[in-house]
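Every chain is numbered from 1, with letters handed out A, B, ... down the list of sequences. The figures that follow rest on heavy atoms only: side chains count, while hydrogens, waters and symmetry mates do not.
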There are 2 protein chains.
Amino acid sequence: MDLDERKKKILRAIVQDFIMTAEPVGSRTIARKYNFGVSPATIRNEMADLEEMGYLEQPHTSSGRIPSNQGYRYYVDHLMEPASLDEAEKQLIRVSYRDKVKEISEVIRNTGKLLAQLTNYAALVVTPHIDRNIVRFIQLIPLHKGQAIVLVVMEPGAVYHKIMDLPENITACDLETISKVFNAKIQGHQMSEIKLTLIREIYLELLRYKYLVQSIMELIDESSDAKEEKIYLGGVFNMLNQPEFHNIERVKTLLSLLEQEALLRELLETGEDDKGVTVRIGKELKHADMQDCSVVSARYQLYGDPLGTIAVLGPTRMQYDKVVSVVEYLTNNLSRILDELYGPRSGK
Amino acid sequence: MDLDERKKKILRAIVQDFIMTAEPVGSRTIARKYNFGVSPATIRNEMADLEEMGYLEQPHTSSGRIPSNQGYRYYVDHLMEPASLDEAEKQLIRVSYRDKVKEISEVIRNTGKLLAQLTNYAALVVTPHIDRNIVRFIQLIPLHKGQAIVLVVMEPGAVYHKIMDLPENITACDLETISKVFNAKIQGHQMSEIKLTLIREIYLELLRYKYLVQSIMELIDESSDAKEEKIYLGGVFNMLNQPEFHNIERVKTLLSLLEQEALLRELLETGEDDKGVTVRIGKELKHADMQDCSVVSARYQLYGDPLGTIAVLGPTRMQYDKVVSVVEYLTNNLSRILDELYGPRSGK
DNA sequence: GGTTAGCACTCGTCAGGGGAGAGTGCTAAT
DNA sequence: ATTAGCACTCTCCCCTGACGAGTGCTAACC
């Protein structure tokens with residue numbers, strides 16, 4: 001399992017070269033470009049060894065080698081040095097968070113954009129499952145005769161609103177009452193609890209407004225649905241620049257996969273809830289149509305609790321060093337920003 | 001300029017066949033498939049005439065003909081019969097609007113989705129320029145110590161919110177006051193006016209809260225920016241199914257074009273503000289990289305006033321009969337729904 | 001024993017050539 | 001005016017052969 005120093009160097013050179021050029025790498029190239037002090041023949045012998053050990057593959061006899069899944073894995077685990085972000089990139093990140101508003105959806109979207117932009121691959125960001133979320137605040141605002149806005153604020157700073165119709169005989173004062181009852185009952189509780197027990201109590205207190213209560217609960221439900229769907233997915237077009245996606249059929253199957261919410265969630269489940277950055281390569285992703293893709297993901301946190309995941313999806317021939325650095329940096333950055341925004345106030 | 005009956009029939013057959021198959025159409029095919037009572041040779045003569053008159057083109061000597069821009073134009077103007085929607089499609093439309101909420105952005109997005117889904121091309125929907133919009137309502141809602149939500153409701157039913165920080169010494173009561181002043185001054189005025197004169201008055205009345213006023217104005221500004229950007233663009237992937245977009249380079253140039261807001265707006269400017277459906281074909285779009293595309297667009301209205309535009313973008317080889325019908329149907333449908341939602345209440 | 005030069009071999013790519021097929025235009029007959 | 005026949009054109013596809021990149025093996029070298 002362990003490789004001697006020269007084999008490591010050669011494997012690293014092959015992986016890096018293949019990542020750059022997307023062409024199978026030959027012994028001559030390696031010997032020349034990375035000037036080892038040895039001849040191509042020697043490299044060839046080493047490459048044959050590496051292939052036998054499972055780190056390299058040959059698309060056909062007599063073409064160069066390309067890294068196998070195992071080769072990439074070894075590279076990621078032992079060989080690569082994270083390529084830390086340069087000052088311009090850090091600057092870009094700072095600037096793009098600076099003027100952002102306080103709402104979590106904005107922050108998420110912004111992070112996704114940055115992720116795609118900095119890596120040139122596809123970016124995914126998810127917020128956590130709503131059931132663990134807490135309702136912070138509910139308010140009914142009279143709008144016009146016959147209409148009102150329901151405003152729901154969730155704990156990590158998400159705001160939802162909806163316009164609803166009112167029965168004829170409701171006054172602004174009634175709305176105020178309803179808001180109060182709702183807040184008293186709901187505030188600070190998790191979504192899952194609300195659905196089970198609280199709703200009955202509220203019904204009792206607000207029998208008069210049966211219809212309204214129903215509507216409000218609907219919005220809350222919708223918020224959770226909406227939120228579940230809120231996977232940011234961006235930078236898919238970046239994939240078109242990768243030579244492995246130069247035929248339309250491949251692109252179409254990938255796109256249709258990415259349209260499936262469920263699959264995206266699956267992609268992001270790191271299994272273990274590791275801290276730190278997780279890299280899954282090719283077959284490790286299980287899904288048959290993704291064998292030529294890799295995912296680099298990490299969880300971001302709010303005051304130490306894992307809140308959601310950010311991830312980059314690209315071809316297995318991915319710039320791991322760069323991507324891992326970016327994901328790591330953005331995760332930390334995101335956690336820090338969320339702490340600043342919501343941490344101190346969000347109780348406990 | 002006028003064509004005799006047989007030429008019309010032949011032109012129609014060629015256009016329809018080419019739209020179906022994407023292959024140049026030969027005289028034999030026409031004679032056989034569309035059983036005219038005449039031989040291919042006759043058709044050939046007619047086709048030669050049509051080519052001379054500018055309705056057809058030959059990719060190279062001795063291949064079939066394809067319609068020219070002018071050919072499509074004649075087809076759209078004189079030959080095609082609109083393919084009215086079948087019951088299943090109407091049903092789909094009804095269902096997808098039924099449970100939709102009252103907010104305009106939802107309605108827009110829904111319409112865009114439907115448009116893409118029904119036509120299998122790319123769909124665009126724009127809302128009108130914000131400057132003509134009217135602020136209906138503003139409210140500050142205290143959220144926590146130190147934070148508040150600003151809620152802005154625009155006239156055609158769009159709602160925006162933003163969380164903002166408060167100075168230490170502001171009370172819920174202060175917020176109420178500010179809301180009142182804002183509403184008194186702003187309600188019912190157009191955005192453009194607000195920016196010029198009202199802001200000064202408000203400043204005077206609310207000197208104490210200078211910082212807050214600024215933040216609120218910012219949100220309003222942002223709303224307008226956000227709204228300007230709010231061009232719904234969907235179904236772009238449908239394009240990948242069209243043979244004319246089977247090479248990646250073409251797709252990439254198209255995508256990069258569609259990323260440019262300005263260009264999209266230009267695409268949707270119908271020049272004349274016609275009622276009804278406008279079709280622009282190939283070169284009529286002006287833009288060099290869109291010579292092989294067509295746009296079918298129409299304005300939707302709120303109580304008779306044009307409010308925004310919906311459009312379908314596809315290859316020149318587009319199913320015009322179908323698309324025109326869908327655009328027409330959805331425009332009317334959309335106008336009707338908007339009237340129901342906002343019409344009766346929206347002043348006047 | 002590790003390293004290297006040399007050499008035969010394999011395989012993919014690319015340009016060139018030829019045949020098949022589709023479609024045309026023209027001419028002459030109907 | 002219509003049609004059949006025919007020569008012509010052009011694309012597409014397949015086959016071929018040359019080329020180049022890269023390999024594996026063997027024998028020589030340090």
Does B/Thr42 have a side-chain nitrogen or oxygen under 4.0 Å from the phosphate oxygens OP1 or OP2 of D/dT2?
no

Between B/Gln58 (CD) and D/dC10 (P), how many Å, whole number?
10 Å

Tell me whether the side-chain N/O atoms of A/Thr61 come closer than 4.0 Å to OP1 or OP2 in C/dC11.
yes

Using whole Å, report how far CG of A/Leu56 lies from C1' of D/dT23.
14 Å

Nearest to the side chain of B/Ser39, heavy atoms from C-beta on, is which of D/dG24, D/dG22, D/dT3?
D/dT3

Do you see a donor-acceptor pair shorter than 3.5 Å between the side chains of B/Thr29 and B/Arg32?
no

Using a strict 4.0 Å threshold on nitrogen-to-oxygen distance, state whether B/Glu57 and B/Arg65 make a salt bridge.
no

Hydrogens and angles aside, do B/Lys322 and B/Asn120 bring a side-chain donor and acceptor to less than 3.5 Å of each other?
no

Any non-hydrogen side-chain atom of B/Asp17 less than 4.5 Å from a side-chain atom of B/Glu23?
no

Polar side chain donor-acceptor pair, B/Tyr329 to B/Ser84, under 3.5 angstrom:
no

Does OP1 or OP2 of D/dA21 have a side-chain N or O of A/Arg32 closer than 4.0 Å?
no

When rounded to whole Å, the CZ to C1' distance for the pair A/Arg44 and D/dC25 reads 10 Å

Does any donor-acceptor pair link the side chain of A/Ser62 with the base of C/dT10 at a separation under 3.5 Å?
yes

Bend angle of the helix from C/dG1-D/dC30 to C/dT30-D/dA1, from helix axes over five pairs at each end, nearest 10°:
20°

Go nucleotide by nucleotide along DNA chain D from the 5' end; which of A/Gly64 and B/His60 gets its closest nucleotide reached first?
B/His60

Does any non-hydrogen side-chain atom of A/Leu79 lie less than 4.5 Å from one of A/Tyr74?
yes

Any side-chain heavy-atom pair of B/Thr278 and B/Arg299 under 4.5 Å:
no

How close or far is atom C1' of D/dG24 from atom CD of A/Glu51, stated in whole angstroms?
11 Å

Quickly work out the A/Asp49 CG to C/dT3 P distance and round it to whole Å.
11 Å

Is any side-chain N or O of A/Arg65 closer than 4.0 Å to OP1 or OP2 of D/dG22?
no

Taking CD1 from A/Ile66 and C1' from D/dG22, how many angstroms apart are they, rounded to a whole number?
15 Å

For the pair made of CD in A/Glu46 and C1' in D/dT23, what is the distance, rounded to whole Å?
16 Å

Once you round it to whole Å, what is the distance between P of C/dG23 and CD of B/Glu57?
18 Å

Quick one: does A/Arg28 reach the base of D/dG22 with a side-chain donor-acceptor pair under 3.5 Å?
no

Would you tell me if any nitrogen or oxygen in the side chain of B/Ser27 comes within less than 4.0 Å of OP1 or OP2 on C/dT24?
yes

